[in-house]
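Read through the structure below, which is laid out as structure tokens, and then see the notes.
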Amino acid sequence: MARLLRAGDLVIPQPLIVPSGTLIPVPTPLPGSAGFLVEHQPACVPDDIEQLRIYLSYSTPAYPVFGAGEARLRLTPAHRSRHARTNHGTEVVLDGGPLELVFTPMLPASNPAGQTDPSTEYTGKAVLVLPPTRAVLAGSQG
């Protein structure tokens, strides 16, 4: 069963990016703004994740001197709830597996000769780390 994402759940960019590059992963807590709580934390809506920016260092085999840039996350259909909504009708986000990641160099990586990475965008994945939550049995009396 898919779990609702909530503020404080972690997203961790995976080190490998395409074409051939490596990120330095930084665990980043998710914000939540759904207007209701899940285990005492606000649930996440798509904008909480898709507007999140994560700043990371990267390098490539041809440009081994680290550069830096910005990672953005994209939800897949598996992350979008078809039924759970906020009071305003906005869908909430589910743990649907890895997120798509788009990395844009802001300070390009370079090589010892001083040449800089000409790539303007890389793609990759990010994983979610969700702390355990207690099971809730709706309608139980006990």
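Note that these values count all heavy atoms, side chains included, but never hydrogens, waters or copies made by symmetry.
- Between Ala34 and Cys44, the shortest heavy-atom contact is CB-N, 4.4 Å.
- Ile49 is listed as a side-chain neighbour of Val93, based on a closest heavy-atom distance under 4.5 Å.
- Within the 4.5 Å cutoff, the side chain of Asp48 has no heavy atoms near those of the Leu30 side chain.
- Minimum interatomic distance between Ser20 and Pro61 (heavy atoms only, all atoms of both residues): O-CD, 3.3 Å.
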Check: residues 99-111 side-chain donor-acceptor pairs under 3.5 Å, at least two apart:
residue, atom, partner, partner atom, Å
Thr104, OG1, Arg72, NH1, 3.1
Asn111, OD1, Ala113, N, 3.0
Asn111, OD1, Gly114, N, 3.1
Asn111, OD1, Gln115, N, 3.0
Asn111, ND2, Gln115, OE1, 2.7

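- Residues Leu56 and Pro13 meet the side-chain proximity criterion, which asks for heavy atoms closer than 4.5 Å.
- Note on Leu75: it does not cluster hydrophobically with Val92, by side-chain heavy-atom contacts below 4.5 Å among ILVMFWY residues.
- Here the OG1-CZ distance, from Thr28 to Arg53, works out to 12.5 Å after rounding to the nearest 0.5 Å.
- Residues Leu94 and His79 fail the side-chain proximity criterion, which asks for heavy atoms closer than 4.5 Å.
- Under the rule for a side chain to side chain donor-acceptor pair (under 3.5 Å), the partners of Glu70 that lie at least two apart in sequence or sit in another chain are Tyr55.
- Atom CZ of residue Phe66 and atom OG of residue Ser57 lie 7.0 Å apart, to the nearest 0.5 angstrom.
- Contact between Glu121 and Pro19 at its shortest, heavy atoms only, is O-CD, 4.3 Å.
- The nearest pair of heavy atoms linking Pro64 to Pro112 is CG-CD, 4.2 Å.
- Side chains of Leu130 and Arg3 form a contact here, defined as non-hydrogen atoms less than 4.5 Å apart.
- Atom CD of Glu39 sits about 5.5 Å away from atom CZ of Arg6, to the nearest 0.5 Å.
- Counting heavy atoms from C-beta outward, Val11 and Leu128 have side chains that approach closer than 4.5 Å.
- No option in Leu16, Val18, Thr60, Leu23 other than Thr60 meets the side chain to side chain contact (heavy atoms under 4.5 Å, CB included) test with Tyr122.
- The 12-atom threshold is exceeded at CZ of Arg80, counting heavy atoms of other residues, nucleotides or ligands nearer than 6.0 Å.
- Between Leu52 and Pro31 the shortest side-chain heavy-atom distance falls below 4.5 Å.
- Note that the OH atom of Tyr58 and the CD1 atom of Ile17 stand 7.5 Å from one another [nearest 0.5 Å].
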